[in-house]
Amino acid sequence: MSGNKARLDAISAVINYKPISAPLNFAETPTKELFASNVFSAAVMKQRLPKPVYKSIMGTIQKGAPLDTSTADIVAAAMKDWAIEKGATHYAHVFYPLTGLTAEKHDGFLSPNGDGSAIAEFTGEQLIQGEPDGSSFPTGGIRPTFEARGYTAWDVTSPAYILENANGTTLCIPTAFVSWTGEALDKKTPLLRAMKALNAQAQRVLKLFGDADGSLVTATAGPEQEYFLIDRNFYMARPDLMTAGRTLFGAAPAKGQQFDDHYFGAIPERVLACMLETERELYKLGVPVKTRHNEVAPGQYEVAPVYENANVATDHQQLIMITLKRVAEKYGMACIIHEKPFAGVNGSGKHVNFSFGSATLGNLLEPGDTPHENARFLVFCAAVIRAVDKYAKLLRSVIAHAGNDHRLGANEAPPAIISIFLGDQLTDVFEQIKAGGAKSSKAKSTLNIGVDTLPDLPKHSGDRNRTSPFAFTGNKFEFRAVGSSQSIATPLTVLNTIVAESIDYIATKLEGAEDLDAAIQKLLQEIMVEHGRIIFNGDGYSEAWHKEAEEVRGLPNLRTSVDAIPEFGSEAAVELFQKYNVLSPREVESRVEVKLEQYAKAVIVEAKLTARIAKTMIFPAAIRYQSELATTCANLKAVGYSFDTNTLDRMTELVRCLQDSTAELDVALAHEDDDVVAEAKHALHKLIPAMNTVRGYADTLESLVADDLWPLPTYQEMLYIK
């Protein structure tokens with residue numbers, strides 16, 4: 001393969017890659033012993049804490065009881081001793097600011113002793129509260145620069161863990177992050193508040209069924225993670241990937257994903273080695289990763305955990321992204337989590353499997369074999385249906401993100417229209433309810449494959465639908481529209497809150513009913529009549545569905561982030577969050593401002609990169625090739641040969657168009673507006689079209705310019721050379 005020197009060096013490095021460290025001995029420690037070995041888990045606490053303290057802590061974790069801060073010194077001492085035994089020299093309050101990333105403040109255990117020596121110290125006060133800067137993170141105006149104080153508060157419900165480094169270890173303590181005024185500056189605090197609201201309302205319905213045993217009802221989540229792996233040499237040669245997380249230029253390769261041969265294919269050896277070590281590191285941290293496989297696009301993969309407490313799952317999801325990136329570097333690769341790093345091939349999402357239940361009752365969205373007879377399930381399922389329909393715009397707003405705009409509605413992701421897939425069995429049951437009462441459930445059958453040596457397979461009562469943004473998958477709902485780089489905290493915050501509101505509505509209707517069964521049937525019918533429009537089991541990609549959804553069913557279609565983000569601050573949303581003490585009006589307003597600001601900044605960075613790469617890398621390569629063509633034509637003409645100048649003419653036109661479109665992009669970039677809405681709209685309506693125009697000319701030039709002159713690693717190289 002030809003190419004310029006930078007590309008040739010990158011290709012050579014890939015071909016001659018050797019691991020930077022010896023292979024791990026995976027047989028040395030059984031996985032069972034490895035799992036949660038670096039977690040200050042319930043088992044560790046039971047072993048190290050006095051029984052009354054342990055019971056108090058577990059009461060908070062398992063039953064939602066208030067945290068007894070008087071035990072903090074005892075817990076801190078046990079946690080410190082455990083961490084130091086594992087080599088820790090520092091502790092870190094880990095928190096999740098509105099950037100959507102993970103933040104941490106490290107402090108050493110050692111304190112001077114006054115006699116020239118030092119002692120290891122970690123008090124209950126240090127465990128419970130930290131004080132990072134509260135103004136240097138996005139706050140949407142809650143904390144201006146001159147008001148810098150912010151606090152981190154120990155989240156006992158998410159276990160502390162040890163993070164290993166080649167040169168030492170750190171005790172990491174998950175925390176909430178709030179301002180001096182008590183307002184949430186993070187993504188964890190609203191999630192914990194929303195989970196509290198869901199429990200409070202669910203208990204009311206359970207009481208009606210005689211199931212209120214005091215066991216905490218908690219939301220659960222299992223977020224799948226899609227990502228790309230490419231060689232780090234290619235990554236470092238692409239300024240767009242390094243800075244923006246996606247390629248701003250790149251002609252489609254001759255072979256993309258049209259053969260569907262990468263999906264669930266054999267995992268390349270180097271990639272598998274990276275996956276295995278990633279899983280090993282995650283096992284130590286107690287992250288229950290379960291599945292790994294090739295995804296649809298070349299170079300794309302997926303890791304998926306089993307679902308767990310939604311708050312813990314959210315923290316673990318952040319660890320998954322960090323660990324994927326860290327381990328990939330060790331294997332000479334870059335992990336790319338952007339929603340659409342490569343145009344024209346499958347983008348990456350983060351399917352969030354959502355349910356709720358308790359330790360004694362199990363999953364409350366488990367339909368059983370005869371869901372038409374399972375009144376408790378039908379009530380909770382109907383609550384979700386009502387919530388998703390009533391707050392569809394709010395749900396759309398939480399997945400609004402500059403990266404996700406490239407993915408939603410394409411062939412690898414659900415459309416921006418929020419709908420629910422229930423499957424054949426549940427759709428039939430709820431249609432019966434709508435018509436007056438459910439009398440039967442479609443039974444599961446057996447699938448005979450027609451080969452005697454193969455077993456008959458239990459056949460589910462309904463198919464799956466990958467085009468649905470919110471699909472029921474047996475005993476949980478899968479929110480498929482979340483972007484791969486996004487924190488799942490805000491989607492889960494909204495899901496918990498809207499479902500809590502819906503359960504509240506149902507409980508209020510049913511409490512005091514003389515005939516509970518009759519009241520349930522009447523209420524379920526009313527919900528289906530009013531909100532059944534949200535249920536759609538067909539092809540979400542089809543034009544017919546888009547027309548039906550908008551014109552017939554009246555479902556909202558917020559196509560872009562700029563359309564969707566303001567819905568988070570709508571009057572209905574503010575009232576909802578305030579009613580359940582999830583977010584104050586000021587906290588809501590701050591998040592809308594931060595999301596719009598982040599959208600605009602992301603697009604502006606991409607636009608600046610587009611202009612710079614076009615001017616300093618692609619334009620010079622193009623005019624050099626243009627010069628070669630012109631010289632060749634002149635030489636042939638000088639010796640009397642007639643020569644077809646079509647290629648030169650085409651090159652000349654494209655170079656001119658590239659130059660002109662880049663100049664137009666520069667003009668668009670000169671725009672400034674203090675109003676964040678106006679800035680976001682300018683990014684959407686001016687910068688993105690201008691960037692796309694520049695890219696169109698550049699990608700056409702890639703197919704014409706001599707390969708030894710082209711400066712950027714190509715899609716063919718990045719996606720296929722492992």
Phe356 vs Thr220 side-chain heavy atoms within contact, under 4.5 Å: no
Side-chain donor-acceptor contact under 3.5 Å, Ser348 with Gln300: yes
Pair Lys255 + Asp261, salt bridge at N-O below 4.0 Å: yes
Between Phe479 and Phe354, does the ring centroid distance fall short of 6.0 Å? no
Among side-chain atoms of Thr102 and Gln318, is any donor-acceptor pair under 3.5 angstrom? yes
Taking only Lys NZ, Arg NE, NH1 and NH2, and the carboxylate oxygens of Asp or Glu, determine whether Glu501 and Lys390 approach each other closer than 4.0 Å. yes
Taking the six-membered ring where the residue is Trp, are the ring centres of Phe249 and Tyr697 under 6.0 Å apart? no
Flag the pair Glu653 and Arg656 as a salt bridge only when some basic side-chain nitrogen lies within less than 4.0 angstrom of an acidic carboxylate oxygen. yes
Test of ring centre spacing under 6.0 Å for Tyr715 and Tyr720: no
Angle between ring planes, Phe568 versus Phe577, binned at 30° and 60°: parallel, tilted or perpendicular? tilted
Does this structure show an ion pair linking Asp405 with Arg559, if we count only N-O contacts that are shorter than 4.0 Å? no
Please tell me whether Tyr301 and His262 form a close aromatic pair, meaning their ring centres lie under 6.0 Å apart. yes
Thr181 vs Glu183, side-chain hydrogen bond (donor to acceptor under 3.5 Å, both in side chains): CA-CA, chis, key distance, verdict: CA-CA 6 Å; Thr181 58; Glu183 292 165 302; 2.7 Å; yes
For a quick check under 3.5 Å, do Asn404 and Arg407 share a side-chain donor-acceptor pair by atom type? yes
Checking Asn311 against Thr314: is there a side-chain donor and acceptor pair closer than 3.5 Å? no
So among Glu339, Gln317, Glu224, which one has a side-chain hydrogen bond (donor to acceptor under 3.5 Å, both in side chains) with Lys350? Gln317
So Glu478 and His351, side-chain hydrogen bond (donor to acceptor under 3.5 Å, both in side chains) or not? Walk me through it. CA-CA 6 Å; Glu478 183 180 30; His351 304 168; 3.3 Å; yes
Run the ring-centre check on Phe470 versus Phe536 and record whether the distance is less than 6.0 Å. no
Side chains of Thr662 and Lys615, donor plus acceptor under 3.5 Å: no
Min side-chain heavy-atom separation Val499-Gln201 under 4.5 Å: no
Between Asp504 and Tyr580: side-chain donor-acceptor atoms closer than 3.5 Å: yes
Does a side-chain N-to-carboxylate-O contact under 4.0 Å join Glu606 and Arg246? yes
Report yes if some heavy atom in the side chain of Leu555 is under 4.5 Å from a heavy atom in the side chain of Ile418; otherwise report no. no
Salt-bridge criterion met for Asp186 and Lys188 (N-O under 4.0 Å): no
Parallel, tilted or perpendicular: which fits the ring planes of His406 and His338, with parallel below 30° and perpendicular above 60°? tilted
Within the structure provided, determine whether Phe421 and Thr427 are in side-chain contact (heavy-atom separation under 4.5 Å). no
